[in-house]
Amino acid sequence: MNQALQAIRGMSDLLPADSARWQAVEGAIRRTLDDYGYREIRVPIVERTELFQRSIGEVTDIVEKEMYTFDDRNGVSITLRPEATAGIVRAAMEHGLLHNQRQKLWCTGPMFRYEKPQKGRYRQFHQFDVEALGFPGPDIDAEIIVMTARIFRTLGIRHVSLQLNSLGSSEDRARYRADLTEYFRAHHDALDEDSRRRLERNPLRILDSKNPAMQAIVAGAPRLTGYLGDDSAAHFAGLRSLLDAAGVAYTVNPRLVRGLDYYGRTVFEWVTDQLGAQGAVCAGGRYDGLVAHLGGEPTPAIGFAIGLERLVELHSLAGHAAAATIPDVYLVAVGDAALLAGLRLAEDLREASPPLRVEFHCGGGGFKAQMRRADRSGAAVAVIIGDDEVQAGTAGVKPLRGDAGQASVPLAGVADAVRRALAGVA
Ligand code: ATP
Ligand code: MG
């Protein structure tokens with residue numbers, strides 16, 4: 001096919017056959033976040049490139065090689081958002097939402113990263129992103145994690161487990177970084193190219209390496225846990241006892257890191273063994289340094305992002321059905337006069353209380369052809385209007401499942417007759 005008529009590599013269409021599952025998953029997350037008192041914020045899909053460079057950090061996979069960056073027509077460098085935190089923090093600062101206030105926020109939508117497309121990894125993908133701004137924790141850290149656990153439970157997804165770590169304060173990490181750099185320097189010959197580059201600028205990122213050849217060296221590296229100062233240790237212990245009290249199980253994984261300076265203390269990730277290589281479903285952490293780093297008042301903050309493609313896949317693997325909404329009624333109208341009466345009747349039924357879901361037949365055709373469509377629509381009842389019915393001021397009400405016959409009903413009684421027929425098939 002002509003390439004102009006094909007989607008961009010790594011960017012998928014969501015087809016009608018799959019949208020019911022997406023709506024079910026998104027709806028469940030949205031309701032959970034609303035129930036916990038988190039409020040939606042929507043931010044633009046593009047921001048100035050500099051915002052992402054400053055907030056995600058120069059020495060990261062995202063900024064080094066994954067961003068979709070363009071000059072606009074005025075020569076301003078803009079970037080399709082690779083994640084939502086930067087835009088949300090920018091919006092909160094710009095609109096004074098952090099001025100003597102705390103915020104519990106969420107956002108959802110497409111993110112863009114120039115990655116190698118494969119199952120579970122795309123160039124346009126979707127996240128639910130949650131940020132709590134102004135809370136020092138560890139109570140909010142626990143709430144956020146408890147909330148992620150509830151999202152999985154609500155969706156009936158069981159094969160996920162929680163990994164937890166503390167990155168300490170920036171002073172803790174400075175001492176750790178010095179020892180870590182020394183360790184990796186001593187193993188310089190065994191480091192891959194990426195790791196050598198990271199060694200001087202951001203050695204913590206080496207711990208995050210996805211190259212299997214690096215696993216042995218990483219396993220022997222000093223552990224950050226041994227470097228936590230008193231405050232960070234108390235924060236981590238506080239979080240752990242809150243999670244224990246809430247009955248949320250976790251494993252402490254000392255290799256779980258974020259290589260950015262303004263990330264600190266709590267980091268967590270939900271992982272699964274059901275999705276092959278792409279096992280991370282939800283990742284989050286505390287970034288108390290970011291707002292100040294962007295020029296605002298120091299503001300403690302924690303957030304997470306759930307990857308929707310991976311979550312929807314888990315929902316499907318768990319065997320949960322997600323059926324598209326089907327109409328209650330398929331309205332068959334044969335003839336010009338019936339078309340006018342039928343269109344009006346359809347609107348009346350949609351306004352009945354309680355309202356009925358009505359699919360109105362468009363595209364003409366005879367009675368038989370329209371009834372075939374009615375059958376295929378999945379509706380339980382057909383409402384039929386032809387010239388005779390128009391004359392008599394009635395409509396035919398015919399259950400489409402079971403053997404009950406067609407009844408002739410005055411127009412004002414159609415909604416009740418449909419409801420009786422629906423109750424009969426239920
Ligand atoms: P990974 O290690 O898989 O690259 P990441 O650390 O880059 O993940 P985050 O930036 O923390 O991911 O994003 C949070 C979640 O978003 C991930 O856990 C994952 O579920 C999802 N995600 C990230 N990148 C992609 C992608 N390219 N395609 C689909 N989902 C993604
Ligand atoms: Mg990534």
Side-chain angles (χ1 to χ4, degrees), residues 7-12 14 22 25-26 29 52 55-57 59-68 79-89 106-131 144-145 148 151-152 155 157 159-165 167 194 198 202 204-212 214-215 218 253 255-260 263 266-287 290 301-317:
I8 303 287
R9 193 162 122 80
M11 304 200 179
S12 310
L14 174 63
W22 276 76
V25 169
E26 291 168 338
I29 300 174
F52 297 116
S55 65
I56 299 171
V59 195
T60 54
D61 282 351
I62 292 180
V63 173
E64 279 178 346
K65 49 191 185 197
E66 295 177 357
M67 294 204 304
Y68 279 89
T79 293
L80 294 180
R81 65 181 182 196
E83 51 97 64
T85 308
I88 293 173
V89 169
W106 63 265
C107 176
T108 188
M111 308 294 156
F112 302 86
R113 296 184 194 177
Y114 198 78
E115 305 208 56
K116 193 163 153 239
Q118 53 199 286
K119 191 162 175 51
R121 188 174 294 285
Y122 309 98
R123 290 182 173 172
Q124 174 177 295
F125 62 100
H126 299 77
Q127 290 182 334
F128 257 89
D129 183 88
V130 174
E131 311 292 346
I144 286 237
I145 292 173
T148 56
I151 288 171
F152 292 122
L155 290 169
I157 292 171
H159 299 283
V160 286
S161 60
L162 174 62
Q163 303 201 336
L164 191 64
N165 195 23
L167 300 179
D194 262 355
R198 286 168 178 162
N202 201 343
L204 264 72
R205 289 279 299 154
I206 301 177
L207 299 176
D208 205 17
S209 170
K210 296 201 173 78
N211 180 356
M214 297 293 302
Q215 295 310 305
V218 165
N253 173 3
R255 309 278 163 231
L256 194 60
V257 293
R258 292 270 188 289
L260 312 178
Y263 280 85
T266 310
V267 281
F268 66 95
E269 197 158 296
W270 286 92
V271 295
T272 179
D273 57 7
Q274 308 278 295
L275 298 178
Q278 267 48 257
V281 187
C282 169
R286 183 162 274 288
Y287 53 96
L290 179 58
I302 181 168
F304 68 84
I306 299 183
L308 276 176
E309 279 75 7
R310 296 180 195 177
L311 192 68
V312 165
E313 181 68 14
L314 282 179
H315 186 259
S316 165
L317 288 173

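Ligands are counted one by one from 1 in listed order, and the atoms in each one are counted from 1 as well.
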| task | Mark up the atoms of ligand 1 that fall under 4.0 Å of a heavy atom belonging to C282, in ascending order. | result | 18 (O)
| task | Around atom 28 (N) of ligand 1, find the nearest protein heavy atom and jot down its residue, atom name and distance. | result | Y122 N, 3.0 Å
| Relative to ligand 1, is V281 under 4.0 angstrom through side chain, backbone, both or neither, heavy atoms considered? | backbone
| said: For a 4.5 angstrom cut-off between non-hydrogen side-chain atoms, does H159 reach L314? | reply: no
| field | For atom 13 (O) of ligand 1, the option (of E83, M111, R123, Q127) bearing the nearest heavy atom | value | Q127
| request: Tell me which protein heavy atom sits closest to atom 29 (C) of ligand 1, plus the residue, atom name and distance to 0.1 Å. | output: G120 O, 3.3 Å
| task | Could you tell me the residue and atom name of the protein heavy atom closest to atom 2 (O) of ligand 1, and the distance to it rounded to 0.1 Å? | result | K210 NZ, 3.0 Å
| request: State whether any protein heavy atom lies less than 4.0 Å from atom 8 (O) of ligand 1. | output: no
| Which protein heavy atom lies closest to atom 3 (O) of ligand 1, and at what distance to 0.1 Å? | R121 NH2, 2.9 Å
| said: Could you identify the single nearest non-hydrogen protein atom to atom 21 (C) of ligand 1 and state the distance to 0.1 Å? | reply: G307 CA, 3.6 Å
| message | To check you understand the geometry: which heavy-atom pair defines the closest contact between C282 and F152, and what is its length? | response | CB-CZ, 4.3 Å
| Aromatic plane relationship, W106 with F128 - under 30° parallel, 30 to 60° tilted, over 60° perpendicular | tilted
| message | Side chain or backbone, does F125 bring an N or O within less than 3.5 Å of an N or O on ligand 1? | response | no
| task | List the atom of I145, the atom of W270, and the distance in Å for their closest heavy-atom pair. | result | O-CZ2, 4.3 Å
| Heteroatom proximity flag, A280 to ligand 1, N/O under 3.5 Å | yes
| remark: min-distance protein heavy atom vs atom 11 (O) of ligand 1 -> A283 CB, 3.4 Å
| query | How close does the nearest protein non-hydrogen atom get to atom 12 (O) of ligand 1, and which residue and atom is it? | reply | R113 NH1, 3.8 Å
| request: Evaluate side-chain hydrogen bond (donor to acceptor under 3.5 Å, both in side chains) for Y287 paired with E131, printing each intermediate quantity in order. | output: CA-CA 10 Å; Y287 53 96; E131 311 292 346; 2.5 Å; yes
| task | Compare all side-chain heavy atoms of D129 with those of E83 and state whether any distance is below 4.5 angstrom. | result | no
| query | Just wondering, are more than 12 heavy atoms of other shown residues or ligands nearer than 6.0 Å to OH in Y114? | reply | no
| Which heavy atom of the protein is the closest neighbour of atom 27 (N) of ligand 1, given with residue, atom name and distance? | E115 OE2, 2.6 Å
| message | Nearest 0.5 angstrom please: I88 CD1 to R81 CZ, how far? | response | 8.5 Å
